[in-house]
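Data block below; observations after.
Just the heavy atoms: all of them, side chains too, but no hydrogens, waters or symmetry mates, feed the values below. By convention in this document, chain letters (A, B, ...) are assigned in the order of the sequence lines, proteins followed by strands, and residues within each chain are numbered from 1. Model, not experiment: these values are computed from the prediction.
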Amino acid sequence: MSEIRVRFAPSPTGLLHIGGARTALFNWLYARHFGGKMILRIEDTDTARNTPEAVAIIFKGLRWLGLDWDEGAREDGGADGDRGPYFQSQRLPIYQRYVEQLLAADHAYREADGAVRFRLPRTPGVVKDLICGEITFDRSHEPDPTIFRKDGSPVFHFVNVVDDLEMRITHVIRGEDHLSNTHKHIAMFEALGATPPQYAHIPLILNPGGSKMSKRDEGASIGEYMEQGYLPAAVRNYLCLLGWSPKDNREKISLSEVVEKFDLAQIHRGNARFDLNKLYWLNGEYWKELTPSAYHAYARDYLARRGVNLAAVDDRYLDGALDIVREKIKLGRDLPDWLEPFLDEEFAYDEKSLTVTLKEPQAAARIEKIRAAFGAVADGEWTAAKLEETLKALAVADGVKVGGYVHPCRAGVAGRAVGPSLYHMLEVMGKERVLARLRRTLRKI
RNA sequence: GACCCCAUCGUCUAGAGGCCUAGGACACCACCCUCUCAAGGUGGACACACGGGUUCGAAUCCCGUUGGGGUCGCCA
């Protein structure tokens, strides 16, 4: 058997659609599993919405997901491989050559206005699909598809076939929305005297409402996940689970393992509905597993992208803050808010601190005691354990639960009712900063 | 409307005739842990769309109904 060649052929629409991303992923997995070639072709024939920015978004999304390709379009507009060009906008002469071939063989005919139609055979159209099985279409009443418009531009169905033929694609793995048209594609291959590729139609990703995901739907764009601070490994893992399963009750599975186990035969037949909850959870699983240095690097990069100025922040202080905040959140999106109390000495007080905790009659007295007790802690002993001991001793002396001291302390030092472990937060902030903040709060009350 | 595909908990799925009084995960609920919020732990509720067959036996096979999705463009 000859080499397996699969392709991902997106059109630049301004976003990398989640369904497209999964199609890319499944093609990639198939190629990697069988040692075949992955080809990227940009279907940029719709000049209206085809812009350099829109093309760049596709490259960016694929790179982010870690999907590489062996042949095809390059970011710089060039190409790797010798079956190009890989941008359809550069292939018009090829399409013209092929349409002439069809015309000459009477497999196509020209309308009065100049448009060209493919003469669809009236015999039953048989599609042998690797996922859906053998399907027969009755096309005795199907209209002949237009393959060239009257303005001289070629139509999708035709260019798709010509490109797959020219690029020697052996397996076409695409969304099920193309299934009903596949018999036409096969007929075109045959009219061109070529053997059609093997087709595999994967189920669609539906929005939570149950219809085809559109670009308007929340979560439809890979770009959203980048912005929200999802981890590419988690998104990739989630996408694998939509329509495919390792069959052993595991949810978290490494890419290399998926490559090893992947096959088209086990792809689920029904459409999958998109569920953000599971992705969110999965992201948390990957979030926990980041190595400290990978996490620090990721967080810095994310914060920078979100416009958080870290220039004045001490590196070790930031790392410490990042470390204790990490276990509280699941993705980058929550980083700026959780970090804010660490970074801003002029931090604001939240609703609960303002109206409840700091309003309680004993608040000032307790914070004063905390300040005094903390002030007495030796610099070398400023650890979470020591601070916990100190605060608890205060509570015991007062005959109150430790919460009676924890809450005002948290409000006094961070202005928030909710935050990371108080003792660890105090340790990271350091004695000097904590005392200064407590003094500031005292002045506020 | 015609044609095509699909049908297991709310969601993603395991299940290829007996192992299923249907398993896992997310979400949900309760309890535990606890300085808040999470995380974690324990437990719980929740599904084979319906009707006919076939078979000793059906979630699994067949037919029908219903439901959902897709395609029928000189969009891609």
Distance, rounded to the nearest Å, where [X] contributes [atom1] and [N] contributes [atom2]:
X: A:Phe87; N: B:A76; atom1: CZ; atom2: C1'; result: 17 Å
X: A:Met213; N: B:G70; atom1: CE; atom2: C1'; result: 17 Å
X: A:Arg333; N: B:A38; atom1: CZ; atom2: C1'; result: 14 Å
X: A:Leu204; N: B:G68; atom1: CG; atom2: P; result: 16 Å
X: A:Leu276; N: B:C26; atom1: CG; atom2: P; result: 16 Å
X: A:Glu285; N: B:C26; atom1: CD; atom2: P; result: 8 Å
X: A:Ile135; N: B:C5; atom1: CD1; atom2: C1'; result: 7 Å
X: A:Arg269; N: B:A59; atom1: CZ; atom2: P; result: 22 Å

Check every atom of [options] against the side chain of [X] and return the nucleotide holding the closest atom.
X: A:Leu179; options: B:G24, B:C4, B:A39; answer: B:C4
X: A:Trp281; options: B:C12, B:C35, B:A27; answer: B:A27
X: A:Asn181; options: B:A76, B:C35, B:G73; answer: B:A76

Can you tell me how the ring of [X] sits relative to the ring of [Y], calling it parallel under 30°, perpendicular over 60° and tilted otherwise?
X: A:Trp287; Y: A:Tyr298; value: perpendicular
X: A:Phe59; Y: A:Phe87; value: tilted
X: A:Trp382; Y: A:Phe374; value: perpendicular

With a 4.0 Å cutoff (strictly under), does any side-chain N or O of [X] reach OP1 or OP2 of [N]?
X: A:Lys247; N: B:A14; answer: yes
X: A:Lys278; N: B:A27; answer: no
X: A:Asn249; N: B:U13; answer: no
X: A:Thr45; N: B:A76; answer: yes
X: A:Arg149; N: B:A76; answer: yes
X: A:Thr146; N: B:C74; answer: yes
X: A:Lys288; N: B:G40; answer: yes
X: A:Arg273; N: B:U13; answer: no

NA contact type, [X], heavy-atom cut-off 4.0 Å: base, sugar-phosphate, or nothing?
X: A:Leu242; answer: sugar-phosphate
X: A:His268; answer: sugar-phosphate
X: A:Asp138; answer: nothing
X: A:Glu43; answer: sugar-phosphate
X: A:Gly243; answer: sugar-phosphate
X: A:Lys401; answer: nothing
X: A:Phe137; answer: sugar-phosphate
X: A:Gly210; answer: sugar-phosphate
X: A:Arg410; answer: base
X: A:Lys212; answer: sugar-phosphate
X: A:Ala115; answer: base
X: A:Ser421; answer: base
X: A:His141; answer: nothing
X: A:Pro420; answer: base

Inspect the contact between [Y] and [X] and indicate whether a charged nitrogen and a carboxylate oxygen are less than 4.0 angstrom apart.
X: A:Lys60; Y: A:Glu75; answer: no
X: A:Glu43; Y: A:Arg7; answer: no
X: A:Arg41; Y: A:Asp164; answer: yes

Could you check which nucleotide pairs with [N] in any of the strands shown, counting Watson-Crick or G-U wobble with both distances under 3.5 Å?
N: B:C75; value: none
N: B:A39; value: none
N: B:U34; value: none
N: B:G67; value: B:C6
N: B:C56; value: B:G18

Drop me the distance from A:Ile169's CD1 to A:Asp163's CG, to the nearest 0.5 angstrom.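 Answer rounded to 0.5 Å: 9.0 Å.
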What is the distance from atom CG of A:Leu339 to atom CZ of A:Phe342, rounded to the nearest 0.5 Å?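 That separation rounds to 7.0 Å.
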Pick the [atom1] atom in [N] and in [M], then give their distance to the nearest Å.
N: B:U21; M: B:G40; atom1: P; answer: 32 Å
N: B:A27; M: B:C33; atom1: P; answer: 22 Å
N: B:C50; M: B:A39; atom1: P; answer: 36 Å

Give me, pair by pair, the N or O atoms of the protein and of nucleotides 63-65 of chain B that are less than 3.5 Å apart, along with how far apart they are.
none

Using the benzene-type ring in the case of Trp, are the ring centres of [X] and [Y] under 6.0 Å apart?
X: A:Phe118; Y: A:His107; result: no
X: A:Phe262; Y: A:His33; result: no
X: A:His178; Y: A:His201; result: no

Ring of A:Phe8, cation from A:Arg174 - is the NZ or CZ under 6.0 Å from the centre and inside 45° of the axis?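 Ring-cation test returns no.
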Listing request: all salt bridge (Lys or Arg N to Asp or Glu O under 4.0 Å) pairs with a residue in residues 121-136 of chain A, at least two apart in sequence or in separate chains.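 Only A:Arg122-A:Asp144 qualify under salt bridge (Lys or Arg N to Asp or Glu O under 4.0 Å).
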Side-chain contact, heavy-atom cut-off 4.5 Å: A:Thr146 with A:Val116?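 Contact flag for A:Thr146/A:Val116 side chains = no.
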Closer to the 5' end of RNA chain B via nearest nucleotide, is it A:Thr13 or A:Lys184?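 Its nearest nucleotide lies further toward 5', so the answer is A:Lys184.
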Here's a test of your reading of the structure: between A:Glu251 and A:His178, which maps to the more 5' nucleotide of RNA chain B?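 Nearest-nucleotide comparison on RNA chain B picks A:Glu251.
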Could you write nucleotides 17-22 of chain B as a row of B, S and -, 5' to 3', where a protein heavy atom under 4.0 Å of any base atom gives B, of only sugar-phosphate atoms gives S, and otherwise -? ------
